[in-house]
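To start, the structure under review is shown below, and the notes come after it.
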Number of protein chains: 2
Amino acid sequence: MGTTKRGSERREDALSRERIVDAAIELLDEEGESGLTFRSLASRLATGPGALYWHIANKGELLVAATDAVIARTVAQVPAVATPHEAIRGIAVGVFETIDAHPWVGAQLSRAPWETPTLRIFERIGRQVQALGVSGRAQFTSASALLSYIVGVSIQNAANGRLFEPSVDRADFLDTMSARWKQLDAHEYPFTRKVAAQLPGHDDLAEFLAGIDLILAGIAASR
Amino acid sequence: MGTTKRGSERREDALSRERIVDAAIELLDEEGESGLTFRSLASRLATGPGALYWHIANKGELLVAATDAVIARTVAQVPAVATPHEAIRGIAVGVFETIDAHPWVGAQLSRAPWETPTLRIFERIGRQVQALGVSGRAQFTSASALLSYIVGVSIQNAANGRLFEPSVDRADFLDTMSARWKQLDAHEYPFTRKVAAQLPGHDDLAEFLAGIDLILAGIAASR
DNA sequence: ACCTGAACACCGTTCAAGT
DNA sequence: ACCTGAACACCGTTCAAGT
């Protein structure tokens, strides 16, 4: 206080790493992965593409930062619940819904699985695996298996969601898919053709959680 | 036989969808995903980029075709074994090793999970789930869970493999990663810090198969 | 029918020049 | 210290023109 206004005074609209990342998230959500370019991002921030490089090293770092911001929000919002089993389901649902809402997050998680975003999820799952009473070395195995499953399914689900225009709804999508599977070669794809009938009315989230329960049942059985 | 040689005679080096896809696989394996461009591919085939578009619609189709060729080979080579449990482990190992050898296959499987390559794997797993005696609707859930886990882990494993230069070997990589995890904030990452000690000597394939066994134990327990 | 290669409309990234 | 925007070295894709 008491200092006179000078060049050091922050302008409202000054560029910063945070503002850039926020704008990138908006662009990714609105236009999809291909909509994020340094030119489009710069024009949204009313500057030139070169200015962004003062704050961020390259596009890879920008994507990691955007993913990390979204995932940090997700894990912070997972509700506290009674049992480790419930907690793991809560984390799973959180990640699933986040990737469903921001499909580019899924692609990023699988492209750079050693970065902080993945670690945030791993940490939360790990604590609950510990709480489950899993012993020493098996904790790592169990947490890794759960993490891979959760991220894997979420990505596949999000990719399916983008298969058709948003106007095509879920039921139509499943009907189309079911019809396509039924037309597969009878000799090559007997199983796929048989389960094609189950596709209409399929509940992705329920199916996903059934898989979680399967892994948790396996963990319990292996103890 | 007996026809005179004409324009319809096939030149040895004539372009074809098959030759293009084979060259694309070579390029992807040698140079990685960013090494495949229509220009580099065309020059390898001693033609111009435009020529390729006579045989293939676009880059997406080229990637799907390349992935499909590799995965078809993989599933064809899975050995016949005694039990469904063994068979599922065999498929899992096949996919794991394929993605480890061709990391771009993993990226492609998660980018387009509804295409034939994924379906080929799903079909093989499904048949074994059926052989396991899993009932009706649960077959779909079990096969999907296994598929997601197998593809998910394989992609993460392959991404880790590309983290550093090929010169950096596995042991060094794990040591570096372990050291990095130990430096994480003690309050934010207690679990990750604790399991960091288990990282050196970690056997990815063994850990992966332990996860498969976990899911199979869950399937057995849920029956 | 199939191939050629220049051209179009883009990219990510760099960097001299400004403030 | 931070921003500007032209320039560099690329992309995927198209298409008139050739054989």
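Quick note on labels: first sequence line is chain A, next is B, and so on, each numbered from 1.
- Note: CG (A:N58) to C1' (C:dC11) measures 14 Å, nearest angstrom.
- Taking each heavy atom of B:A42 and B:P49 in turn, the nearest pair found is CB-N, 3.5 Å.
- At the heavy-atom level, A:L62 lies nowhere under 4.0 Å from the strands shown.
- Phosphate contact (OP1/OP2 of C:dC2, side-chain N/O of B:W54, threshold under 4.0 Å): present.
- Comment: A:E30 engages A:R44 in a salt bridge, judged by a side-chain N to carboxylate O separation of less than 4.0 angstrom.
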side-chain hydrogen bond (donor to acceptor under 3.5 Å, both in side chains), that's the test. Do B:R111 and B:Q108 meet it? Break it down for me. CA-CA 5 Å; B:R111 206 174 297 143; B:Q108 192 48 33; 3.2 Å; yes
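- Nucleic acid contact for A:L36: sugar-phosphate only, since backbone atoms but no base atoms lie under 4.0 Å from a heavy atom of the residue.
- Residue B:L41 contributes atom CG, which lies 12 Å from atom P of D:dC11 at whole-angstrom precision.
- Atom CD of B:E61 has more than 12 neighbouring heavy atoms from other residues, nucleotides or ligands inside a 6.0 Å radius.
- Using modelled atom types, one side-chain atom of B:R19 and one backbone atom of B:A14 make a donor-acceptor pair closer than 3.5 Å.
- Rounded to whole angstrom, the span from the CG atom of B:L45 across to the C1' atom of C:dC3 amounts to 13 Å.
- Summarising the geometry, the separation between CD1 on B:I20 and P on C:dC2 is reported as 12 Å, rounded to the nearest angstrom.
- In this structure, the CG atom of A:L63 is 12 Å from the C1' atom of C:dG12, given to the nearest Å.
- Atom pair A:Y53:OH and C:dG12:P shows a separation of 7 Å (rounding to whole Å applied).
- Side-chain atoms of A:S40 come within 3.5 Å of backbone N or O of A:G35 as a donor-acceptor pair.
- Rounded to whole angstrom, the span from the NZ atom of A:K59 across to the P atom of C:dG12 amounts to 4 Å.
- Separating the CZ atom of A:R17 from the P atom of D:dC2 is a distance of 14 Å, rounded to the nearest angstrom.
- Annotation: ring pair (Phe, Tyr, Trp, His ring centres under 6.0 Å) contacts of A:F208 (sequence neighbours excluded): A:F96, A:Y149.
- Which of C:dG5, D:dC2, C:dC11 sits closest to the side chain of B:P49 comes down to C:dG5.
- Toward the 5′ end of DNA chain C lies the nearest nucleotide of B:R39, the other residue of the pair B:R39 and A:G60 mapping further downstream.
- Set against C:dA1, D:dC3, D:dG12, the side chain of A:H55 has D:dC3 as its closest nucleotide.
- Closest to the side chain of B:F38, from the set C:dT13, D:dC3, D:dG12, is D:dG12.
- For DNA chain C, runs of at least 3 consecutive pairs of the Watson-Crick or G-U wobble type, with both hydrogen-bonding distances under 3.5 angstrom, map to C:4-8 with D:12-16, C:12-16 with D:4-8.
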